[in-house]
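Right, one structure below, let's go through it.
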Amino acid sequence: MSTSRLELILRRDRAVVLGAIVAVAALAWAYVIWLAANMGAPPPAGAEMPGMSMPSMDMPKMDMPAMDMGATLAPALNGWSVGDFAFMFAMWAIMMVGMMLPSVAPMLLIYAGVARQAGSRGKPFAATAWFASGYLLAWTAFSMLATAAQWAVERALLLTPMTGIGTRLGGIVLIAAGVYQCTPLKDVCLSACQSPLQFIMRHGGFRPNPLGAMNLGAEHGIYCIGCCWALMAILFVVGIMNLLWVAAIAAFILLEKLVVPGRLLSRAAGAVLIVTGAWMLF
């Protein structure tokens, strides 16, 4: 196969993979936007800084008028049914797809390119979708944990999906997230996300079979969770369905992975979170 022919095929594969990423992420975002609208979410233009409009922690949030607007979708604060838990889990899982799939695009493009080259040499790889499935499976597991955390704090009457937790508890969460942004563990996980090819080589190389590709994707997803879980915790402070903050966090995660001095960006964000959390707390 000529070099020009191979380059043409690689460009086509990259276009297909990128198109699939955009389509799936767009569908996920469309669902999240629809859900937020039906839960009575305030428009992004009216969003305020964390802690500015949150009710007192000792005020039962079930009395808030906004809860009536989302009664058909949001679980009641006095207890979740199995269906409620399943609904909120689906919300978290789909939201994670919309937020995280764009940030893994460089890895998927590299995988698709190498897979095509291997196929041209008679050593076919598993489809890129297997790797992506493993990655999203890891975030689905994270979504289960996030749903359980949401259930716990809502049961304690400390949270509604639209307004977040109380000011003082929110300050503690922000400080904890800011401190984590400056830890060596954050650096290790961010490095794996910023250098996808090095990550693959350090974890046994590309896997030709579907199960191996899925396992490799899940391993990358675990590192990605280690990189981003503290940022996701911010949603418990500002409102899980606050679209402005969901979009802002997703954009920051993408920027953090693509910008070369990502560690400086992480530490700067950590400092902002610590200062904001201290302001809320004191």
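All residue numbers in this chain count up from 1 along the given sequence. Below, all heavy atoms of this structure are taken into account, side chains as well, without hydrogens, waters or symmetry copies.
The two residues Ile234 and Ile249 have their closest heavy-atom pair at CB-CD1, 4.0 Å. Residue Leu108 comes nearest to Ala132 through the heavy atom pair CD2-CB, 3.9 Å, listed as atom of the first residue, atom of the second, then distance. Taking all atoms of both residues into account, the shortest heavy-atom contact from Trp139 to Gly221 is NE1-O, 4.2 Å. When every heavy atom of Val173 is checked against every heavy atom of Ala233, the shortest pair comes out as CG1-O, 3.8 Å. Shortest non-hydrogen contact noted between Phe142 and Met232 is CZ-CB, 3.8 Å. Across all non-hydrogen atoms, the minimal contact from Ser143 to Met96 is OG-CG, 3.4 Å.
Counting only heavy atoms from C-beta outward, the side chains of Met95 and Leu35 never approach each other to under 4.5 Å. Side-chain contact check for Val32 versus Met241: some heavy-atom pair is nearer than 4.5 Å. Side-chain contact between Ile240 and Met91 is present, with at least one heavy-atom pair separated by less than 4.5 Å. Within the 4.5 Å cutoff, the side chain of Trp92 has heavy atoms near those of the Gln150 side chain.
Taking CD1 of Ile222 as the reference point, atom CG of Leu137 lies at 9.5 Å (rounded to 0.5 Å). Distance NZ/Lys257 to SG/Cys228: 4.5 Å, rounded to 0.5 Å. In this structure, Leu281 CG and Leu169 CG are separated by 9.5 Å, a value rounded to the nearest 0.5 Å. One finds the SG atom of Cys193 at 11.5 Å from the CG atom of Leu254 (value rounded to the nearest 0.5 Å). Between atom CD1 of residue Ile94 and atom CG of residue Leu27 there is a gap of 10.0 Å, rounded to the nearest 0.5 Å. Here Tyr111 contributes atom OH and Phe131 contributes atom CZ; the two are 8.0 Å apart, rounded to the nearest 0.5 Å.
Ser191 places no side-chain N or O within donor-acceptor distance of the main-chain N or O of Asp187, the cut-off being under 3.5 Å. In this structure, the side chain of Asn215 does not engage the main chain of Gly212 through any donor-acceptor pair within 3.5 Å. The main-chain N or O of Met100 is found under 3.5 Å from a side-chain atom of Ser103 such that the two form a donor-acceptor pair.
The hydrophobic cluster containing Met214 also includes Trp130, under a criterion of side-chain heavy atoms closer than 4.5 Å among ILVMFWY residues, counted directly or through chains of members.
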Let me check something: any side-chain donor-acceptor pairs from residues 174-186 under 3.5 Å, sequence neighbours excluded? List them with distances.
from	atom 1	to	atom 2	distance (Å)
Tyr180	OH	Gly226	O	2.4
Tyr180	OH	Trp229	NE1	3.4
Gln181	OE1	Lys186	NZ	3.0
Gln181	NE2	Glu256	OE2	3.4
Gln181	NE2	Ser266	O	3.4
Thr183	OG1	Tyr180	O	2.7
Thr183	OG1	Lys186	N	3.4
Lys186	NZ	Cys227	O	2.5
Lys186	NZ	Glu256	OE1	3.2
Lys186	NZ	Glu256	OE2	3.1

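Within a 6.0 Å sphere centred on OH of Tyr223, other residues, nucleotides and ligands contribute 12 heavy atoms or fewer.
Side-chain heavy atoms closer than 4.5 Å link hydrophobic residues (I, L, V, M, F, W, Y) into clusters, and following such links, possibly through other members, connects Leu216 to Val188. Using a 4.5 Å cut-off between side-chain heavy atoms of Ile, Leu, Val, Met, Phe, Trp and Tyr, with links allowed through other members, Ile253 and Val272 fall into different hydrophobic clusters. Residues Val22 and Tyr135 fall into different hydrophobic clusters, defined by Ile, Leu, Val, Met, Phe, Trp and Tyr side chains chained together at heavy-atom separations under 4.5 Å. Under a hydrophobic clustering in which Ile, Leu, Val, Met, Phe, Trp and Tyr are joined whenever their side-chain heavy atoms come within less than 4.5 Å, directly or via other members, Val17 and Leu197 fall into the same cluster. Both Met144 and Met88 are assigned to one and the same hydrophobic cluster, defined by single-linkage of ILVMFWY side chains at heavy-atom distances under 4.5 Å.
Using the six-membered ring where Trp is involved, Tyr31 and Trp34 have ring planes that are tilted, between 30° and 60° apart.
With sequence neighbours excluded, no residue forms a ring pair (Phe, Tyr, Trp, His ring centres under 6.0 Å) with Trp29.
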